[in-house]
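Read through the structure below, which is laid out as structure tokens, and then see the notes.
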Amino acid sequence: WFGAGPPAPGGGLLSTELRLRTDRGAARTLEAFLGRCGRAGAARCPFAARDRAATRARYAALLERLRRRPVRGTTYAQLVQTTVDALDTVQAVGEDPGWGKLASTLQGLWTAGPAARAAAAPRDARRYAGPEQQYAIYCGESPNPRASAFPGLARLGLRRSGAVGAYVAWLSEPCATWPATAADRYDGPWNHRTANPILVVGTTHDPSTPFSEARAMARELARARLLNLAGYGHTALLNPSACVERHETRYLLAGILPPRGTRCVPDAQPFAPAP
């Protein structure tokens with residue numbers, strides 16, 4: 001999963017997220033977010049324009065506006081980060097705001113005058129949850145290029161996936177100077193026959209671990225079955241599906257795999273009418 005993968009243009013090493021094609025997953029999910037928003041209309045998605053194409057054009061125009069100057073104290077880079085971070089959860093979960101909050105944030109920036117500024121929210125140091133734990137795992141186990149390679153990787157991400165691709169390309173830059181590596185990193189082979197088959201769950205519009213990678217991993221493992229969650233966001237844990245939960249429960253308790261080609265749907269769809 002964290003393997004070396006294909007080289008970057010010029011023979012260099014791709015960063016971890018570019019090897020996982022997280023940039024393409026995020027871009028595809030953003031397209032789905034804007035499309036579902038435009039189809040739902042402004043009554044259910046505040047950022048909606050007259051249709052899906054117009055909503056996508058509105059987002060592109062908002063990015064260009066922030067490229068020229070901040071709006072409400074929000075910069076171009078901050079908007080891209082806010083967008084990518086919010087794509088993981090369709091419904092609000094804990095501190096993850098969900099797609100509804102993202103739509104409201106985008107609309108607030110769209111309708112604001114360039115001089116408007118929002119007061120910064122106070123930071124509670126006692127609740128700090130930084131990325132160091134994640135970096136300690138994948139910087140130690142996943143090869144990454146030297147720091148000087150990342151500007152070029154950001155340009156590659158931009159070409160492949162637009163603004164979100166450039167952002168995603170930089171995510172593992174701290175690994176370039178991370179001071180430790182795992183002493184027992186496993187780098188394959190991945191097709192050893194396991195005592196029990198492995199159940200792989202992949203979401204069709206997962207912005208962080210794209211469905212294409214779940215499908216590839218299920219093929220590479222010696223005994224695996226892929227369960228498709230035909231939905232949005234990162235994992236079925238953050239975007240619950242009673243269907244997925246049933247199959248996972250049967251697998252964990254009785255070792256029963258879902259039939260090949262099984263597709264589940266999430267419990268809640270983006271911008272769906274209230275029941």
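Remember, it's a predicted structure, so these values are computed and weren't measured experimentally. Quick note: residue numbers are just sequence positions, from 1.
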Quiz item: How far apart are the closest heavy atoms of Ala163 and Leu63, and which atoms are they?
Solution: CB-CD1, 4.1 Å
Quiz item: Does CZ in Arg50 sit with more than 12 non-hydrogen atoms of other residues, nucleotides or ligands closer than 6.0 Å?
Solution: no
Practice problem: For Ala268, enumerate each residue passing the side-chain contact (heavy atoms from CB on, under 4.5 Å) test, keeping only those at least two apart in sequence or located in another chain. | Solution: Gln91
Quiz item: So, the side chain of Thr203 versus the backbone of His205: is there a donor-acceptor pair under 3.5 Å, distance only?
Solution: no
Self-check item: Heavy-atom pair with the smallest gap, counting every atom of Pro258 and His247
Solution: CB-ND1, 3.4 Å
Quiz item: Backbone N or O of Ser142 within a donor-acceptor pair of the Asp187 side chain at under 3.5 Å?
Solution: no
Practice problem: Check whether NZ of the Lys or CZ of the Arg Arg67 lies under 6.0 Å from the centre of the six-membered ring of Tyr76 and within 45 degrees of that ring's axis. | Solution: yes
Practice problem: Please check if any side-chain donor atom of Thr22 sits under 3.5 Å from a side-chain acceptor atom of Ser208, or the reverse. | Solution: no
Self-check item: Salt-bridge criterion met for Arg28 and Glu31 (N-O under 4.0 Å)
Solution: no
Quiz prompt | Pair Thr74, Arg72: side-chain N/O donor-acceptor within cut-off below 3.5 Å | solution = no
Exercise. Kindly give the heavy-atom pair with the smallest separation between Pro266 and Ser241, and that separation in Å.
Key: CA-CB, 3.9 Å
Self-check item: Single-linkage hydrophobic cluster Val200~Leu257, side-chain heavy atoms < 4.5 angstrom
Solution: no
Exercise. Grab the two heavy atoms, one from Val90 and one from Gln269, that are nearest each other, plus how far apart they are.
Key: CG1-C, 4.5 Å
Quiz item: At their closest point, which heavy atom of Asn144 faces which heavy atom of Phe150, and how far apart are they?
Solution: OD1-CZ, 4.3 Å
Self-check item: disulfide bond (SG atoms under 2.5 Å apart): pairs with one or both residues in residues 160-243, sequence neighbours excluded
Solution: Cys139-Cys175, Cys243-Cys264
Quiz item: Between the side chains of Asp206 and Thr209, is a donor N or O closer than 3.5 angstrom to an acceptor N or O?
Solution: yes
